[in-house]
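Sequence positions, counted from 1, serve as the residue numbers for this chain.
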Amino acid sequence: MKPSGLASVLLALLASNALADLDKNAKKWVDGVRPLILPEEEKSYRGLKNNSDAAEFQKIFWARRDPNLDTPDNEFQVEYQKLVAEVDPRFKAAGRPGSQTDCGKIYILLGAPDAVKKEQSAEVAFRQPETWTYKDRPNMTFKGGSMEIPLDGTCMLPQGNRFGDQLNRLAEFKVVQTNLSYKFDPKGALVKLQDLLPKPTPVQALLKEPRKDFEMAAKPIMEIRSQDGASVFVAGLIQGDATGLTVSEVGGKKVAKVVVSVHTSDKEGRVLKSQDREVTAEVDGGKFVSAFGMPLRPGDHVMKIGAIDPKSSKGAVAELAIKTQDYGAELTVSPVMVLADILEGAAPVKDDPYFEFIFGATKFVPHYGNVFKKSESVTLLAAIYGAARDEAGKISVVGGFQILKDGKTLAKAPDQTYDVEPATPSAGPVPLSGYAPGKYVAQLRLRDNVAKKDYVKETEFEVVP
């Protein structure tokens, strides 16, 4: 039975009041974290439908910035609240608490300026305009070694000043637990933080106290910037000795079930953990291959990849030193990928050994060590970000791939023009039947026509009989 007209009005009022309460609380909370919240985070938060999801979102928000999830307190949150208490009265202007002014945001994100210069102004203002000077500091360098930031009488950046974009970049660096994100279950509810955190498991214990019951090594393959710019997704392959592992036969192929997980630590000692994933890896020549991957902050990391046989409990850990790029204001090219295939219409299956290389319905198929047989073909792929823009806001990048051996060009794809980003230059498939066994270089050459700069990125691969 349909509700009467009056009932419909009452239901609408109740719904609107609930949404109004959520909107009111959402705005209050967002204002309280204004220096930190990323545009994508704020958009997601304001799209939540109930207070329960809003509360869970806030937990995940702070956990993403927690330097050590293993301690009971969030050291970053405590420090942030101290800074807010300091800047709110110090930079209060135009009816806004200091943390909601640009002065407060900059102070919270960059710390105290190295120098402050009072500026003269004929305008009546809440405070005297200032120019703040910041010099190079750990993990933060400026062109020419320093940067000057003008702030007006309301403690805000002048209109048209592009440093507001830089504030977002600074806020991105505060996200350290990049493996945590805002996910929704099939019913549309936000997945709880406790369900996102890795649980104590045998492979997690293995990563804390590494051992090597069998030989295993790792190679990085892919690096792609995340949509919000706060992290870089790094993926690669491990290859392990399957001798002594529990091997079975499925569909005429030998396979080994192993549980794979990743820990990384950065220069500050902050640890990031991935969820465990059980994979069904094909065994070929007595070895198994599986993918690994996780989002990282730009910078230097030590990545430990653990794999364990859940039946025999035999395990091994491989270690990689990873330096991810900072995809900033200048054109940046991801590492060139040399792939055996790109498959469309792939359905992501959690135990697929190449799960980390499946994006939507597209599956990239790499080979461990970039080693390919003459009977195969290769496809070359990369991604470019941060190209300079002209006065109309357009980019113009020209370039293409070539294959070299001993410095000589053996094959060259026609140059392409890219006017939107991220752009994904590609070439192939290139049959390897005409290539003699040996090592080759896949090289991408680009020209940023707006910035008038040239860029080169290359990756080595090998052809075997």
Side-chain angles (χ1 to χ4, degrees), residues 33-39 65 67 75-93 96-121 125-176 178 225 229-232 265-270 296-301 323-332 385-386 388-389 451 453:
V33 294
R34 178 59 63 193
L36 301 176
I37 194 165
L38 306 180
R65 292 155 175 84
E75 297 83 358
F76 177 84
Q77 186 177 1
V78 171
E79 183 61 28
Y80 174 77
Q81 289 166 345
K82 289 180 181 178
L83 284 170
V84 168
E86 178 184 347
V87 304
D88 271 351
R90 184 173 178 179
F91 302 117
K92 182 178 180 181
R96 286 190 297 263
S99 58
Q100 294 179 35
T101 68
D102 288 336
C103 286
K105 293 177 189 176
I106 294 167
Y107 193 95
I108 287 171
L109 294 171
L110 269 179
D114 294 289
V116 176
K117 179 184 177 184
K118 300 289 185 181
E119 304 290 356
Q120 299 300 316
S121 174
F126 292 90
R127 54 188 287 124
Q128 191 173 350
E130 297 175 340
T131 297
W132 291 7
T133 299
Y134 284 90
K135 296 180 181 179
D136 287 350
R137 51 195 57 202
N139 300 321
M140 185 68 61
T141 57
F142 307 105
K143 190 175 182 180
S146 66
M147 175 179 61
E148 292 186 345
I149 306 173
L151 294 154
D152 66 18
T154 61
C155 232
M156 302 297 284
L157 295 164
Q159 278 193 336
N161 187 293
R162 297 190 64 186
F163 189 69
D165 294 335
Q166 295 301 316
L167 287 180
N168 283 334
R169 292 285 298 154
L170 292 170
E172 290 168 4
F173 278 92
K174 302 301 181 183
V175 177
V176 293
T178 48
R225 189 184 69 175
S231 61
V232 178
S265 57
D266 59 17
K267 290 190 296 185
E268 284 71 38
R270 294 172 296 202
L296 304 174
R297 286 287 317 129
D300 295 300
H301 301 266
K323 183 177 179 61
T324 54
Q325 299 180 107
D326 183 3
Y327 292 84
E330 187 174 294
L331 188 145
T332 310
Y385 309 85
R389 297 180 181 274
K453 288 185 178 181

Only counting residues at least two apart or in another chain, list the ones meeting side-chain hydrogen bond (donor to acceptor under 3.5 Å, both in side chains) with D114. R137
Note: A85 and P89 closest approach over all heavy atoms is O-CD, 3.2 Å
In short, S146 meets D136 closest at the heavy-atom pair N-OD1, 4.3 Å
Of all the heavy-atom pairs spanning H301 and G299, show the shortest one and how long it is. CD2-O, 3.2 Å
To the closest 0.5 Å, what do you measure between CE (M156) and OG1 (T154)? 6.0 Å
Are F91 and L151 side-chain neighbours, meaning at least one heavy-atom pair lies under 4.5 Å? no
Tell me, please, which residues at least two apart from Y80 pass ring-ring contact (aromatic ring centres under 6.0 Å, His included). W62
Y107 vs W132 aromatic rings, parallel, tilted or perpendicular, using cut-offs 30° and 60°? perpendicular
Candidate list K118, K117, E119, test side-chain hydrogen bond (donor to acceptor under 3.5 Å, both in side chains), partner T131, passing option: E119
So that I can tick it off, tell me whether E330 and K453 are bridged by a salt bridge, with the cut-off set at under 4.0 angstrom between side-chain N and carboxylate O. yes
Quick one: closest heavy-atom pair of A93 and C155, and the distance? CB-CB, 4.4 Å
In Å, rounded to the nearest 0.5 Å, how long is the span from CG of L296 to OG of S265? 10.5 Å
Tell me, please, which residues at least two apart from R96 pass salt bridge (Lys or Arg N to Asp or Glu O under 4.0 Å). none
To the nearest 0.5 Å, what is the distance between CG (L157) and CG (D152)? 8.0 Å
Non-neighbouring partners of K323 that pass salt bridge (Lys or Arg N to Asp or Glu O under 4.0 Å), sequence neighbours left out: D300
For residues 103-112, which residue pairs pass the salt bridge (charged side-chain N to carboxylate O under 4.0 Å, His left out) check, not counting sequence neighbours? D102-K105
Could you measure the distance from the CZ atom of R297 to the OG atom of S231? Nearest 0.5 Å is fine. 7.5 Å
Heavy-atom nearest pair, S99 first then P35, reads O-CG, 3.4 Å
Once you round to the nearest 0.5 Å, how far does CE of M147 lie from CD1 of I106? 7.5 Å
How many angstroms lie between CG in L167 and CG in L109, if you round to the nearest 0.5 Å? 6.0 Å
Show your working on side-chain contact (heavy atoms from CB on, under 4.5 Å) between D326 and T332 and close with a plain yes or no. CA-CA 8 Å; D326 183 3; T332 310; over 6 Å; no
Provide the full list of salt bridge (charged side-chain N to carboxylate O under 4.0 Å, His left out) pairs with a residue in residues 75-89, sequence neighbours left out, each pair given once. E86-R90
Start with the C-alpha distance between Q77 and L36, add both sets of side-chain angles, then the distance that settles side-chain contact (heavy atoms from CB on, under 4.5 Å), and finish with yes or no. CA-CA 11 Å; Q77 186 177 1; L36 301 176; over 6 Å; no
